[in-house]
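One structure below.
Keep in mind the model is a prediction, meaning the values are calculated, not measured. For the numbers below, each heavy atom of this structure counts, side chains included, while hydrogens, waters and symmetry mates do not.
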Amino acid sequence: MEITIHIPDDLARSLGQAGGDLSRRTLEALAFDGYRRGSLSQLQVEQLLDLSRIETEDLLARHVALYDYDPAELDREARAFEKLSDQKR
């Protein structure tokens, strides 16, 4: 599928000032959003961006919170592990 996005010239210039290929940056942004929302897997991001597995992992690590935990959730898990550890003693 081919998708065309129309951006006013002045906004495209502003976005282009950050450097890099604006089309590629747009595709990456779409991939990151899909990954964050759970609609794309890491493999699908790899395929969409035509990258190796290692390149995909590196890119996602730089741009997406791969381990987005709520601090309260981490505390609950830590307490659960402590209980398991105490039961084994």
Side-chain angles (χ1 to χ4, degrees):
M1 172 188 294
E2 187 171 319
I3 298 173
T4 303
I5 300 173
H6 295 282
I7 301 172
D9 289 340
D10 59 330
L11 296 178
R13 278 190 296 279
S14 294
L15 290 168
Q17 288 177 354
D21 177 10
L22 191 53
S23 294
R24 177 64 183 196
R25 288 180 29 222
T26 302
L27 186 61
E28 289 176 356
L30 182 65
F32 300 152
D33 183 63
Y35 186 80
R36 276 188 202 102
R37 292 174 184 268
S39 57
L40 291 179
S41 68
Q42 182 175 321
L43 177 61
Q44 289 170 317
V45 170
E46 178 181 321
Q47 293 168 340
L48 180 64
L49 300 178
D50 193 29
L51 298 172
S52 71
R53 181 181 59 82
I54 300 297
E55 290 170 325
T56 304
E57 287 177 359
D58 182 52
L59 189 67
L60 289 173
R62 285 186 279 129
H63 295 282
V64 178
L66 297 179
Y67 306 106
D68 188 19
Y69 286 105
D70 176 357
E73 183 181 349
L74 287 176
D75 289 340
R76 283 191 301 276
E77 289 183 15
R79 284 192 300 275
F81 283 125
E82 286 176 13
K83 285 181 185 178
L84 285 173
S85 178
D86 291 344
Q87 291 175 358
K88 290 183 178 184
R89 290 181 195 172

Exercise for review: Going by the side chain to side chain contact (heavy atoms under 4.5 Å, CB included) test, name the single residue among Glu57, His63, Glu55 that passes it with Leu59.
Suggested key: His63
Exercise for review: Indicate, with yes or no, if Leu27 and Met1 share a hydrophobic cluster defined by side-chain heavy-atom contacts under 4.5 Å among Ile, Leu, Val, Met, Phe, Trp and Tyr.
Suggested key: no
Study note, to complete from the structure: Value for OH (Tyr35) from CG (Leu30), rounded to nearest 0.5 Å, stands at 15.5 Å
Exercise for review: Would you name the heavy atoms of Ala31 and Leu48 that are closest together and state the gap between them?
Suggested key: CB-CD2, 3.7 Å
Review point. What is the distance from atom CD1 of Ile3 to atom OG1 of Thr26, rounded to the nearest 0.5 Å?
Key: 11.0 Å
**Study point:** Nearest atoms (heavy-atom pairs only) where Glu46 meets Leu51
**Key:** CG-O, 2.8 Å
**Study point:** Side chain proximity check, His6 to Thr4, heavy atoms < 4.5 angstrom
**Key:** yes
Review point. Transitive ILVMFWY cluster of Ile54 at side-chain heavy atoms under 4.5 Å: who else is in it?
Key: none
Point to revise | From Leu49 atom CG to Gln44 atom CD, the distance as rounded to the nearest 0.5 Å | key: 11.5 Å
Check your understanding: In Å and rounded to the nearest 0.5 Å, what is the OG1 to CG distance from Thr56 to Leu43?
Key -> 8.5 Å
Review point. Is it true that Leu60 and Leu40 fall in one hydrophobic cluster, defined by side-chain heavy atoms closer than 4.5 Å?
Key: yes
Point to revise | All pairs passing salt bridge (charged side-chain N to carboxylate O under 4.0 Å, His left out) where residues 9-25 contributes a residue, at least two apart | key: Arg24-Glu28
